[in-house]
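These notes concern the structure reproduced below.
For reference, positions follow the sequence shown, starting with 1. Bear in mind that the values here come from a model prediction, so they are computed numbers and not experimental data. Note: hydrogens, waters and symmetry copies are ignored here, and every other heavy atom, side chains too, is used.
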Amino acid sequence: MYNHQLYKQIHGLIKSDLDTAGTDQLFYARFLANASDIFSLYNVLYENHPKSKDIFSLLLQSIIRGYKSRRAVLRERDELKSEQGYWFLSNELAGMSLYVDRFCDDISNLTTRLDYFEKLGINFLHLMPLFESPQDESDGGYAVSNFRKIDPRFGTLYDLHLVQEMMRRKNMYLMMDIVLNHTSRQHEWAKKAREGDTKYQDYFYFFDDRVLPDEYDRSMPEIFPESSPGNFTYVPECRKWVMTVFHSYQWDLNYTNPMVFVEMLDNIFFYANLGIDLLRIDAPAFIWKQLGTTCQNLPQAHRLLQLIKQCVQVAAPGMALLGEAIVAPAEIMKYFGTGQHTAQECDFAYNATQMAVQWDALATGDIRVMMAAQHELLKKPFGTSWITYTRSHDDIGLGYADYMIEQAGWNAFDHRNFLKNYYSGAFPGSPASGALFSSNPKTGDARISGTLASLCGLEKALSNNNEFAIDASVKKILLMQAQSFFIGGLPMLFYGEELGYTNDYSYLDDPGKSYDNRWMHRPVMDWTKIKKIEIKGTTEERIYSGTQKLLRIRKNLPVLSDHSNLIWLTPQSNHVAAYMRMGGDKNLYALFNFSDQKVLISWYVFKEHGPAPKRLLDHWSEERYVVGPDQEFLTLEPYAFSLMEAY
């Protein structure tokens with residue numbers, strides 16, 4: 001909608017600094033194209049704020065500064081990505097998430113490890129939080145005390161710049177985090193608030209007494225009931241209570257104050273201009289608080305994210321956004337945008353539901369819960385994508401809906417108890433070595449910690465020197481990775497998975513980590529261990545070469561680009577999940593046996609959708625098949641999978 005006053009305001013802000021008819025013409029066009037939506041979204045949130053108009057002008061200036069600070073090489077990359085369309089949907093992208101200090105000591109050492117990633121098939125790095133955070137109150141780096149200073153433990157901004165430049169020359173991509181929901185209590189804003197500065201107290205949720213905090217607590221759940229119960233912390237220096245949803249040292253930012261939004265938007269542009277290709281927005285479900293609600297997944301949180309997206313599209317269009325919303329399937333879809341903002345909120349979300357139901361299938365040998373979740377997951381809009389993964393730095397939640405479990409014929413409460421016992425190793429005969437995280441005795445809720453390898457049984461198998469169990473564990477690891485790599489989205493390994501790292505219990509000796517058992521699946525890399533990938537038959541070599549092969553297959557098949565081209569095939573067995581990725585005349589059929597039993601699958605599975613192929617090549621086993629009549633069968637061995645394409 002044309003808004004003369006708004007366009008006049010924008011033109012007045014940029015006419016003396018930018019060449020709107022020349023080198024800055026595309027920026028100017030983007031700005032005018034998005035301006036009405038930016039104005040509308042801002043007003044939905046802040047129209048009634050007493051300083052709304054003045055702060056909106058600051059918002060426009062932030063967008064202009066963000067663009068002007070963007071180096072020429074980044075603007076050129078913006079244009080290249082724009083020409084590619086949805087560049088981030090490509091099958092040629094594959095990522096790894098890592099803690100720099102635990103992977104290779106510091107940022108500067110990453111330059112010597114890029115060849116390692118390239119050999120494996122990784123071209124997209126997620127560097128876990130690097131910005132300044134108090135060592136004993138860091139929450140793994142998610143309690144940020146300075147959004148623009150690299151923590152000296154990891155290096156400097158210059159080190160990061162060198163890594164990013166080297167990655168860019170190798171056509172690699174960089175992903176980093178921004179923590180929008182909160183700051184460390186050691187952040188400059190928090191320090192000033194603690195000293196009594198009311199301007200900065202308004203950057204947080206401060207209360208003079210417990211009246212309103214108690215009202216909030218009636219409807220707000222506890223995130224960490226074991227280590228950090230409650231949602232508010234008393235600040236003795238100013239004799240007030242401050243909202244702290246996660247830990248007492250993480251103070252929630254107050255986005256009902258538009259200055260907080262502008263300040264954090266400035267930080268977003270700072271990150272964009274470091275050369276970040278994908279910005280991971282931490283905990284977006286929590287960024288808007290409202291009395292009488294859970295203070296999670298509120299409509300205003302989505303408006304904030306949509307406003308961020310519109311601003312980023314103007315100033316740094318080559319940077320995509322990932323919303324780290326680990327929520328129920330129906331809720332997670334909203335983070336891609338709804339209504340007129342469909343596919344205009346977050347470009348990516350974590351496919352946490354698919355990750356969790358894969359672990360469900362592995363424990364039970366039954367895919368029915370997985371299949372019950374798919375009608376929700378298939379609603380993802382075109383032009384957006386998933387981060388697909390089997391493990392991350394975080395715990396494994398079991399937050400998928402009860403009805404999905406009940407459709408499989410199980411009691412939801414009992415089933416979740418079984419999964420918790422199975423993966424914590426408490427269930428008789430379980431091969432898994434994990435631990436329960438954030439157990440809540442009031443509700444029975446708990447999440448699961450442990451590495452991919454340990455949860456798949458490798459830790460116990462190696463300890464018992466049981467070759468049969470080791471073989472089964474390796475098959476499970478590759479099965480889990482294969483389904484994640486080929487289902488649609490950007491696959492994201494967590495460092496150490498490619499080598500079969502088992503749980504690292506050294507965190508128990510560190511006071512800053514010992515209270516948080518998630519550190520067991522955040523290992524310190526042993527670079528001497530990596531030499532074992534050169535020794536044929538070691539578990540490290542089998543897992544590494546298998547992972548490498550899966551990534552190579554993926555990059556060679558354009559049908560695996562995420563163009564909303566996934567169809568689930570009708571199950572012939574409760575043990576085998578099968579889907580098809582469509583791409584014109586090049587369809588890929590993927591079958592996964594989650595059980596310890598041999599399963600026979602009718603050749604009809606390949607004839608259910610479209611013309612029946614006559615011959616099939618399994619890219620994984622490299623075997624060739626003639627498609628038989630419906631009454632004949634393909635055999636899938638325990639924990640086996642096939643990646644079939646007609647030839």
Side-chain angles (χ1 to χ4, degrees), residues 5-39 41-43 45-46 49 51-79 81-82 131 144 146-150 157-158 160-161 164 174 176 178-180 183 187-189 199-200 203 253 255 257-279 281 304-321:
Q5 290 301 319
L6 174 60
Y7 294 170
K8 184 178 179 181
Q9 181 181 9
I10 291 171
H11 185 70
L13 288 171
I14 66 177
K15 65 180 179 180
S16 61
D17 291 334
L18 298 175
D19 181 6
T20 57
T23 56
D24 303 311
Q25 184 179 25
L26 290 175
F27 165 71
Y28 188 48
R30 290 194 304 268
F31 209 166
L32 295 184
N34 286 273
S36 290
D37 206 13
I38 290 171
F39 181 71
L41 286 165
Y42 178 87
N43 279 337
L45 294 164
Y46 300 120
H49 191 277
K51 296 183 179 179
S52 176
K53 290 184 179 179
D54 291 340
I55 296 176
F56 182 70
S57 179
L58 296 178
L59 168 60
L60 298 179
Q61 292 173 48
S62 174
I63 295 170
I64 295 166
R65 281 197 308 275
Y67 169 74
K68 288 173 62 178
S69 300
R70 198 152 178 80
R71 289 175 287 137
V73 69
L74 296 180
R75 294 183 190 179
E76 290 170 10
R77 199 167 193 187
D78 288 341
E79 293 308 309
K81 288 175 179 176
S82 296
F131 288 86
V144 180
N146 190 327
F147 287 102
R148 302 193 182 199
K149 181 182 178 184
I150 297 291
L157 278 173
Y158 180 70
L160 181 62
H161 172 73
Q164 192 276 332
L174 177 63
M176 292 182 67
I178 188 164
V179 185
L180 288 188
T183 74
H187 190 279
E188 179 185 10
W189 301 339
K199 173 186 174 180
Y200 290 100
Y203 276 36
L253 287 165
Y255 282 93
N257 179 352
M259 270 309 302
V260 170
F261 178 81
V262 173
E263 295 262 29
M264 292 306 291
L265 185 64
D266 277 343
N267 286 327
I268 287 170
F269 290 141
F270 176 80
Y271 285 31
N273 291 331
L274 292 176
I276 292 172
D277 299 284
L278 178 55
L279 185 65
I281 298 174
L304 277 171
L305 293 170
Q306 290 159 14
L307 181 54
I308 290 169
K309 176 64 179 175
Q310 294 300 317
C311 295
V312 167
Q313 283 188 150
V314 173
M319 185 175 75
L321 301 178

Supply the atom-to-atom distance [X] [atom1] to [Y] [atom2], rounded to the nearest 0.5 angstrom.
{"X": "I55", "Y": "N257", "atom1": "CD1", "atom2": "CG", "answer": "6.0 Å"}
{"X": "K51", "Y": "M259", "atom1": "NZ", "atom2": "CE", "answer": "9.0 Å"}
{"X": "L174", "Y": "M176", "atom1": "CG", "atom2": "CE", "answer": "6.0 Å"}
{"X": "K53", "Y": "L58", "atom1": "NZ", "atom2": "CG", "answer": "15.0 Å"}
{"X": "F269", "Y": "S69", "atom1": "CZ", "atom2": "OG", "answer": "10.0 Å"}
{"X": "E188", "Y": "T183", "atom1": "CD", "atom2": "OG1", "answer": "10.5 Å"}

What's the shortest heavy-atom distance between [X] and [Y], and which atoms?
{"X": "L32", "Y": "Y7", "answer": "O-OH, 3.4 Å"}
{"X": "Q164", "Y": "G275", "answer": "NE2-O, 3.4 Å"}
{"X": "M264", "Y": "V179", "answer": "CE-O, 3.7 Å"}
{"X": "N43", "Y": "S52", "answer": "OD1-OG, 4.2 Å"}
{"X": "L74", "Y": "A272", "answer": "CD1-O, 4.0 Å"}
{"X": "A35", "Y": "I10", "answer": "CB-CD1, 3.4 Å"}

task: Take D17 and I64 through the test side chain to side chain contact (heavy atoms under 4.5 Å, CB included) and record every step on the way to the result.
output: CA-CA 10 Å; D17 291 334; I64 295 166; 5.7 Å; no
Within the 4.5 Å heavy-atom criterion, are [X] and [Y] side-chain neighbours or not?
{"X": "M319", "Y": "L278", "result": "no"}
{"X": "R148", "Y": "D266", "result": "yes"}
{"X": "K68", "Y": "L18", "result": "yes"}
{"X": "C311", "Y": "L59", "result": "yes"}
{"X": "Q9", "Y": "S57", "result": "yes"}
{"X": "P317", "Y": "V312", "result": "no"}
{"X": "I150", "Y": "F131", "result": "yes"}
{"X": "N267", "Y": "I178", "result": "yes"}

query: With a 4.0 Å cut-off, would you call D277 and K81 a salt bridge?
result: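 A salt bridge links D277 with K81.
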- prompt: Are Y200 and Y203 near enough that their ring centres are under 6.0 Å apart?
  reply: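 Between Y203 and Y200, which both carry aromatic rings, the centre distance is below 6.0 Å.
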Backbone N/O of G66 and side chain of N273: donor-acceptor pair under 3.5 Å: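 Answer holds: yes.
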- prompt: Is there a donor-acceptor pair under 3.5 Å between the side chain of D24 and the backbone N or O of T20?
  reply: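 No, D24 side chain to T20 backbone: no donor-acceptor pair under 3.5 Å.
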query: Are N146 and H187 close enough, and set up right, to give a side chain to side chain contact (heavy atoms under 4.5 Å, CB included), and what steps lead you there?
result: CA-CA 6 Å; N146 190 327; H187 190 279; 5.6 Å; no
query: When F56 is tested against each of Y46, Y42, F261 for ring-ring contact (aromatic ring centres under 6.0 Å, His included), which residue passes?
result: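 Exactly one pass, corresponding to Y42.
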- request: Only one of L305, I63, D37 passes side-chain contact (heavy atoms from CB on, under 4.5 Å) with Q310; say which it is.
  value: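 Only match with Q310 under side-chain contact (heavy atoms from CB on, under 4.5 Å): D37.
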field: NZ or CZ of R65 within 45° of F270 ring axis and under 6.0 Å
entry: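 R65 over F270 ring: no.
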- prompt: Would R75 and F27 count as a side chain to side chain contact (heavy atoms under 4.5 Å, CB included) if you check the C-alpha gap in whole Å, the side-chain angles of each, and the deciding distance to 0.1 Å?
  reply: CA-CA 10 Å; R75 294 183 190 179; F27 165 71; over 6 Å; no
- request: Show the numbers, then the answer: is there a side chain to side chain contact (heavy atoms under 4.5 Å, CB included) between I268 and L180?
  value: CA-CA 9 Å; I268 287 170; L180 288 188; 4.2 Å; yes
